[in-house]
Number of protein chains: 2
Amino acid sequence: MLPSENKYLTNVSFDTVIFGFTGEELKILILEYQNSGLFALPGGYIRRDENLLDAAKKGVMKRTGLKKIQLEQFHTFGKLNRSDPESSKTIAKGLGYEMPNDHWVLDRFVTIGYYALIDYNQVRPTPNKFSDSINWYSINNLPPLMMDHEEIVQKALEAIRNDLGTKLFGTNLLPEKFTMKELRKVYETILNKKLRRTTFQRKMLSMDILTRHEKLYTGAANKAPYLYSFNKKKANKT
Amino acid sequence: MLPSENKYLTNVSFDTVIFGFTGEELKILILEYQNSGLFALPGGYIRRDENLLDAAKKGVMKRTGLKKIQLEQFHTFGKLNRSDPESSKTIAKGLGYEMPNDHWVLDRFVTIGYYALIDYNQVRPTPNKFSDSINWYSINNLPPLMMDHEEIVQKALEAIRNDLGTKLFGTNLLPEKFTMKELRKVYETILNKKLRRTTFQRKMLSMDILTRHEKLYTGAANKAPYLYSFNKKKANKT
DNA sequence: CATTATTGTATCAATTTGCTACAATAAAAC
DNA sequence: GTTTTATTGTAGCAAATTGATACAATAATG
């Protein structure tokens, strides 16, 4: 039941930071391994017969239940001491296996980091067979993560801050149709600062990447906002 | 003389795109393997007892003769078919070795791409023991590169375009002191477009990251330009 | 000492962004 | 119904940034 060596590349793995937006804050999916108290990013190994990107995509699909996923590679982590064989042994033990000391997963690993931005409400978090839970955690309130996974999360955050605006964004964190306020909230949360309401709206509209739809009547005692969606044809011309 | 397995991580390598600026164009260093007609980026394997970044740094140091090198990781390449065992065999054959079919360097590799920006005139290009030459090639006139190395170069170019301005730049491609015109030329070459002379100068000066030094008298029949250097303290506060 | 090419800035126009104001609601309160 | 309240959408002007032009200040040259 432990992964067999000849099926996978050795010394290489991937880890994914899967972001969701609740409307108020950014959250990421964290696995908890059985009977070990160890928390980790979802990740995995690369089969010898698949592309690196496909391996990562498959991993995210399995954890989220989503089919179409936008994944972006952001950094590869290769410090000498980043791997921790004790953690792997603890995980195996928690599963009821005794891991031999020369098992390949106890070797040193270089891991490629990917981030995914997905619609929080469409996800059906699904643990893998080694873990008994997978849960959303606010990025401001993460459990202690194993190995260098906290560093990986920090790098992912930097990456989405940098990519926001260049690679078209907010899209993937929101449902198909959204209000301008929701979109602004996404930007504010990722950038971790307030944005001017009117300037943001003007900028977004002037970019000519949004399609306006019907109004959204929420029942609130005020003017109803329009719904927008990203006009993908125009948006990709950037 | 072929690299021994137990010293290195398997299935992982690094490749470096080393940029230099001649004053007119961007060039990169390309290795030519002996008696094989194969051109490649400088790269290597990661020793089990060293950090990934150190491995790449050491590689660039050996190829350039430089001690202080700024290296930036930009992308990791992991497509299923990117490795080409035939090339490796040809290289070994050119060196007078017969490579056994089960040799680990013939296996599939995931490679981590780094770029370096260095002072063209300070470099002493030094071939490795497997190659008989290492030369500067204009990025607009590269020889056909082996495997996916052309894709790696393209990604490196994208990366330096994106990083220009955010991560402080131009610095490393120019000598300690440089004129405003030289700095602008660097930007123009990387971005592949003309920049307005006066606006560029105003912008650079207003950023308060340059120190002005003495004038440079070239013998030309016109006003001599000032020399500038980057004020690293202020520059890093961005 | 006039000529020539280039550099460093000033100046003003054009564009973009910051800020404030205000009309247009959607529902609740009266 | 009418008034009240909270928000949305956008206009309008100020402030800041960028674009474009002009011009004084040189460093040789003849």
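We name chains A, B, ... by the order of the sequence lines, and we start the count at 1 in each one.
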Between P of dG9(D) and CZ of F200(A), the distance in whole Å: 12 Å
Interatomic distance, R184(B) CZ vs dT6(C) P [rounded to whole Å]: 11 Å
Set out, line by line, the N/O atom pairs under 3.5 Å between protein and nucleotides 23-30 of chain C.
from    : atom 1 : to      : atom 2 : distance (Å)
dT25(C) : O2     : K223(A) : N      : 2.9
dA26(C) : OP1    : K215(A) : NZ     : 2.9
dA26(C) : O4'    : N222(A) : O      : 2.5
dA26(C) : N3     : A221(A) : O      : 3.1
dA26(C) : N3     : N222(A) : N      : 2.9

Could you give the NZ-to-P distance, from K203(B) to dA20(D), as a whole number of Å? 15 Å
Mark yes or no for whether T16(A), through its side chain, and P42(A), through its backbone, hold a donor-acceptor pair below 3.5 Å. yes
Which one, dT7(C), dT18(D), dC19(C), comes nearest to the side chain of R196(A)? dC19(C)
Closest to side chain of R202(B), choosing from dT10(D), dT9(C), dT18(D): dT18(D)
Contacts of K79(B) that satisfy salt bridge (Lys or Arg N to Asp or Glu O under 4.0 Å) - sequence neighbours left out: E151(B)
For A220(A), does its backbone N or O pair with a side-chain atom of T218(A) as donor and acceptor, under 3.5 Å? yes
If the cut-off is 4.0 Å, is K181(A) near the phosphate of dT7(D), judged by side-chain N/O to OP1 or OP2? no
Ignoring hydrogens and geometry beyond distance, is the side chain of R197(A) in donor-acceptor contact with the base of dG9(D) at under 3.5 Å? yes
Quick one: Q201(B) CD to dT17(D) P, roughly how many Å, whole number? 18 Å
Which whole-number value in Å describes the distance from H213(A) NE2 to dT8(D) P? 18 Å
Nucleotide nearest T198(B) when distance is taken to its side chain, options dT9(C), dT10(D), dG8(C): dT9(C)
Side chains of L29(B) and W136(B), heavy atoms from C-beta outward: is any pair under 4.5 Å? yes
May I ask you to decide if the ring planes of F200(A) and Y187(A) are parallel, tilted or perpendicular, using 30° and 60° as cut-offs? perpendicular
Can you say whether the rings of Y137(B) and F39(B) are parallel (under 30°), tilted (30 to 60°) or perpendicular (over 60°)? perpendicular
For the pair made of CG in L227(A) and P in dG9(D), what is the distance, rounded to whole Å? 10 Å
Within this structure, what is the CE-to-C1' distance between M204(A) and dT17(C), rounded to whole angstrom? 14 Å
Expressed in angstrom and rounded to an integer, what is the separation of E214(B) atom CD from dT7(C) atom P? 16 Å
Of the listed dG9(D), dG8(C), dC19(C), the closest approach to the R212(A) side chain comes from dG9(D)
Scan L205(A) against the nucleic acid and name what it touches under 4.0 Å (heavy atoms): base, sugar-phosphate only, or nothing. sugar-phosphate
What orientation do F109(B) and Y45(B) show, parallel under 30°, tilted 30 to 60°, or perpendicular over 60°? tilted
